[in-house]
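Both backbone and side-chain heavy atoms feed into the values below; hydrogens, waters and symmetry mates do not. Quick note on labels: first sequence line is chain A, next is B, and so on, each numbered from 1.
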Number of protein chains: 2
Amino acid sequence: MARKTNPEFMTGVPELLVLRLLSDREMYGYELVQAIETSTGEAIKVGEGVVYPILHALEAQGCLASRRKAVEGRMRIYYSATAAGKKRLGALMTEWQRITDAVATVVRGSKHAKA
Amino acid sequence: MARKTNPEFMTGVPELLVLRLLSDREMYGYELVQAIETSTGEAIKVGEGVVYPILHALEAQGCLASRRKAVEGRMRIYYSATAAGKKRLGALMTEWQRITDAVATVVRGSKHAKA
DNA sequence: TTGCCATGCCTATAACTTCAAGGTATATGC
DNA sequence: GCATATACCTTGAAGTTATAGGCATGGCAA
């Protein structure tokens, strides 16, 4: 079961984090990669190959808005969460809570867990 | 993003639950499918097509032991967690904690999260 | 008897996501 | 000139879940 790709418990997490971070302030791709790493205390690290496809997909769905900005001769594309994006974030957090709560119940030894 | 396969936040969860449940008492595949559903309060449901491959893989790795038993004319294969299985369960729970803690930190608005 | 459903095992295909590695380009430091 | 950091992007591989089915037995009802 040694996963190299799709590691344990990571499905959907990058998208959740991106949406959450972009709800606070606008950021560009390269910045997000590092923000995810620092904000999680090095616990979670994702590559650019993970972030960029998510940004493009979310923007195509109208969950993100982007604007180009030249900084020090380099081109940056800043993304921020739209209303639809925040709505989607809420749905993702609800789902995240649902799963984590369920797992916690079982892990804590839910004796009969019937009634 | 409407996922039909590999839904949000489910990667690795079925394996964790199977290992956890089989650490308490031996169960057979069909029983596990229902046990996961009831023990999570209907929050998590997995089909047989998810459980059986996991059982076979874990057994092949020595994480599970099995014994055949005939009950009411039907053949059942009971699985239980071995020492290696419990060790793997421990590793999975540690990883689970690591990810969920990290996500919780970001979601709760991680101030600047620099130092 | 016949038919249907629940039990109980199993497999194959499709779909989705993450990961690693590479490609392009500019600014800076040696 | 050359290497590194920034900054964007794409491609291919790997792994997991979901859906749908196949096979077989027992119990129940018509």
Proximity to the side chain of P7(B) - top-ranked nucleotide from dT11(C), dA7(D), dA18(D): dA18(D)
Nearest heavy atoms of A84(B) and G62(B), plus distance in Å: CB-O, 3.6 Å
Contact under 4.0 Å: H56(B) side-chain N or O vs dT11(C) OP1/OP2: yes
dT6(D) OP1/OP2 closer than 4.0 Å to side-chain N/O of Y30(A): yes
K69(A) NZ to dA7(D) C1', straight-line distance once rounded to whole Å: 15 Å
Distance in angstrom units between R76(A) CZ and dC8(D) P, rounded: 8 Å
B/S/- contact track for nucleotides 23-30 of chain C, protein heavy atom under 4.0 Å: ---BS---
Any Y28(A) side-chain nitrogen or oxygen under 4.0 Å from OP1 or OP2 of dA7(D): yes
Donor-acceptor pair present, N6(B) side chain and dT17(C) base, under 3.5 Å: no
Sub-4.5 Å side-chain heavy-atom contact between E42(A) and E37(A): yes
pair W96(A)-T100(B): side-chain heavy atoms closer than 4.5 Å: yes
DNA chain C: 5'-proximal contact among G49(B) and M10(A) (nearest heavy atom): G49(B)
Nearest listed nucleotide, side chain of P14(A), among dT18(C), dA7(D), dT17(D): dT18(C)
Closest contact, heavy atoms only, Y30(B) versus Y52(B): N-OH, 3.4 Å
Spacing between E15(A) atom CD and dC19(C) atom C1', to the nearest angstrom: 17 Å
Over all atoms of both residues, closest heavy-atom pair of L19(B) and A81(B): O-CB, 4.5 Å
Among dT18(C), dT17(D), dC9(C), the nucleotide that comes nearest once only the side chain of Y52(B) is considered: dC9(C)
T40(B) and T105(A), any side-chain heavy atoms less than 4.5 Å apart: no
Presence of donor-acceptor pair under 3.5 Å, side chain of T5(B) and base of dA18(D): no
Side-chain ion pair, R20(A) and E15(A), N-O less than 4.0 Å: no
